[in-house]
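Below is one structure, written out as structure tokens; comments come after it.
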Amino acid sequence: MIRKQRRMKRTLTLMMLFMTLVMSAKEYDLTSPSGEVCVVVDVEKAVTYSVRKGKEMLLAPSVVAMQFQDKKLPLSLRKVERRAVDEMQTAVVPVKFRQVRDHCNELRLAFRGGWSLVFRAYDNGVTYRFETAFREDKVQVASETAEFNFAEDFQVYWTNENRENFITHCEAFFKEMPLSEVDRQTYSYLPLSLKTSEGTRLVVTESDLSDYPNMFVYGAEGHELCSVWPNVILSYDMKNDRDVLVREKADYIAETDGKRTYPWRILTIDDDRSLLENTLPWQLASREVGEDTDWIRPGKISWEWWAMLNVYGVDFKAGVNTETYKYYVDFAAAYGLEYILMDEGWSASTTNVIEPKPGLDLTEIIRYAESKGVGVVLWTLWTPVKEDMGHILDVYRDWGVKGIKIDFMQMTDQNMVNFYEDVARECFKRHLLVDYHGSYKPAGLQRKYPNAMTFEGVYGMEHDKCSYDISPEHDLVLPFTRMVAGPMDYTPGATINATKSDFSIRWDHPMSQGTRAHQAAIFTAFESPLTMLCDSPSNYYRNPEFTSFIAAIPTVWDETRALEAKAGDYLLVARRNGDRWYVAGLNDWTERSLSFKADFLGEGEYEVTIFRDGVNADRWAEDYSLEHGKADAATEFEVDMAPGGGWSAVFTPVAAAK
């Protein structure tokens, strides 16, 4: 008995000694499951973390901290916990994969005073977030510190915004430059994409953003970027029906629950090719709110604003009228599109969005669309919805509307983040889809509420009507910047296509830069569960091969295989939906050839349809070739793309094709 007590005493002494050593340690290493990615967390006068991949140093020690009003966070460690995470997650609306493996190692540092820091090391990224368990019901976050002290003068895609109070629609042109050349007076919204001298692609973004403002980054000294968040906007005036003038701001960035988890800060670590398969922002989002998701129907939507309702060859006057929208319904039904969008102009005014424009028989349009198996989505301004959300959404539900496109949300503070979630939640209750236009990037809401189908937050194709910026080069930047965050409402599908020298700005009869095959490939290459067809049905009717091809491409994917990629230059990606595979190649203004082996195919023979640049696409951008053949997993393909070109293929199992 005495020996047993002595052994127990020695064991307790050793345990206490071990705990003392752990609590007094300054550095804590965390490696990814493969051991390739390593994080070192240092706790002394401040909490810093550094990141390397193999022998390549990516992030030098960088400070992370939170500051609360009337509350200091002590740097006294209470507990250190580690765990391995390895689980399969299923996406309700899969934009890359239906089944996603969440596999990482986690380090949790619990401090006295009721707060913790959680770090995760993935093979393709590093993430961290704060957690608090304060006694107070509500606390005010004065600020947060998130430094990114990069190891070298990496290249960065910078958006160069300088708008006051972070009032932005996040529609900027990404300019590549060294970190040392970043303008210290401007900021960039997320995602922020960088490339090391070794070719490693890093993307900074965030996920599980809830009841907290958006994060922005500023240039600092050397190779460092610092983060900043908009303060809570307490009051504003309306300049007009949609634009705000901020009158008063709080001296804090968030007033929130004392017990909660905060957004994940994400640093993805890939090369250009593997980045196209990265799903960390989705993995780290909150789980779906409910199991009742069978009503959620991804698909394509015919859009009338880009072509300004210009239809022709008809016996009625085109415009915002019942006949024109029935024409759009007939087009959607003819090509199997799930929805039509009635954009700004359908309602009595932009602020009265529960009455249609006089003379427009909205009830008949919705009835007619339903009889054809087509849903109607309505545009609405954010301001009336904010004032009378429940009533407006009830009206839409009772009308039989299938979703809303909510527009011009310029603010990025905590209140606006909460508004996004309110819209998603209330629409979910009423079985309404949501397209967030004039918005910031997705940050996890699309997983929590799978009816939050897509987000703009991109300098997209609508700007072909007023800008020379929406070029094939720009298209080849977006998958490595904005699209990393999540679904991207880019609005492709132009039938009037132009070479670099032929392109001109036309508001009512717009065109796109690059080839017809480039436009076709975007439907597979870009990710959006609700994808617009931007052009006029009359133009589509005149181009039936192109229209049939793009209309048949799915908008959700069971699997993604990135084949080749170089940001700003080209990409080649394969995606699977069911038993069919779809491959897309996109090219910048440099003519090039790529190749791939179709070893992603299953056993057996496949019928393949290829939509590619025609032999004269370099001179006449609308020139294309539609080819048919057979293929199997051993077949090799040459992907020849004109300047501004593209290449698409659909692989269908022979048994399924018959």
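In this chain, residues are counted from 1 in sequence order. The basis for the numbers below is simple: all heavy atoms, side chains too, and nothing from hydrogens, waters or symmetry mates.
- In this structure, N497 contributes its side chain and G514 its backbone to no donor-acceptor pair below 3.5 Å.
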- Message: Using the rule given for side chain to side chain contact (heavy atoms under 4.5 Å, CB included), can you reason through Y459 versus I470, listing the C-alpha separation, both sets of side-chain angles and the distance that settles it, and then say yes or no?
- Response: CA-CA 8 Å; Y459 197 28; I470 312 304; 3.8 Å; yes
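- You'll find the side chain of D613 stays beyond 4.5 Å of the side chain of W647, heavy atoms only.
- Looking at residues two or more places apart in sequence or on another chain, you find a salt bridge (charged side-chain N to carboxylate O under 4.0 Å, His left out) between E288 and R447.
- Centroid-to-centroid, the aromatic rings of Y420 and Y436 come within less than 6.0 Å.
- No donor-acceptor pair under 3.5 Å is formed between the side chain of H463 and the backbone N or O of E171.
- Below 30°, between 30° and 60°, or above 60°: for H431 and W295 the angle between ring planes is below 30°, a parallel geometry.
- Side-chain rings of Y335 and F331 approach one another, their centers coming within less than 6.0 Å.
- Electrostatic pairing of K441 and E206 counts as a salt bridge here, judged by a charged N lying under 4.0 Å from a carboxylate O.
- Q410 and D243 share a donor-acceptor pair across their side chains, judged by distance under 3.5 Å alone.
- If you check the side chains of E344 and H437, you find no donor sitting under 3.5 Å from an acceptor.
- Side-chain N or O atoms of Y189 include one that pairs as donor or acceptor with a backbone N or O of C170 at under 3.5 Å.
- Atom CG in D475 sits 11.0 Å away from atom CG in N587 (nearest 0.5 Å).
- Salt-bridge annotation for K448 and E421: present, with a side-chain N of the basic residue lying under 4.0 Å from a carboxylate O of the acidic one.
- Without hydrogens or angle criteria, W346 side chain to W379 main chain gives a donor-acceptor distance under 3.5 Å.
- Residues R367 and E364 are paired through a salt bridge, judged by an N-O separation under 4.0 Å between the basic side chain and the carboxylate.
- In this structure, a donor-acceptor pair under 3.5 Å is absent between the side chains of D361 and T322.
- Taking the centre of each ring, W282 and F97 stay at or above the 6.0 Å mark.
- Annotation: F174 is not in aromatic contact with F480 [ring centroid separation under 6.0 Å not met].
- Side-chain contact check for S528 and T454: at least one donor-acceptor pair (N or O, by modelled atom type) lies under 3.5 Å.
- Side-chain atoms of E161 and T159 form no donor-acceptor pair, as typed in the model, at a separation below 3.5 Å.
- Looking at N539 and S536, their side chains never bring a donor and an acceptor atom within 3.5 Å of each other.
- A donor-acceptor pair under 3.5 Å is absent between the side-chain atoms of D241 and the main chain of T350, judged by distance alone.
- Using a 3.5 Å distance cut-off with no hydrogens or angles, the side chains of S286 and D208 do pair a donor with an acceptor.
- Judged purely by atom type and a 3.5 angstrom limit, S538 uses its side chain to pair as donor or acceptor with the backbone of Y312.
- The main-chain N or O of A452 is never found under 3.5 Å from a side-chain atom of Q446 such that the two would form a donor-acceptor pair.
- Residues K405 and D435 are not paired through a salt bridge, judged by the lack of any N-O separation under 4.0 Å between the basic side chain and the carboxylate.
- E545 has no carboxylate O lying under 4.0 Å from a charged side-chain N of R516, or vice versa, which leaves the two without a salt bridge.
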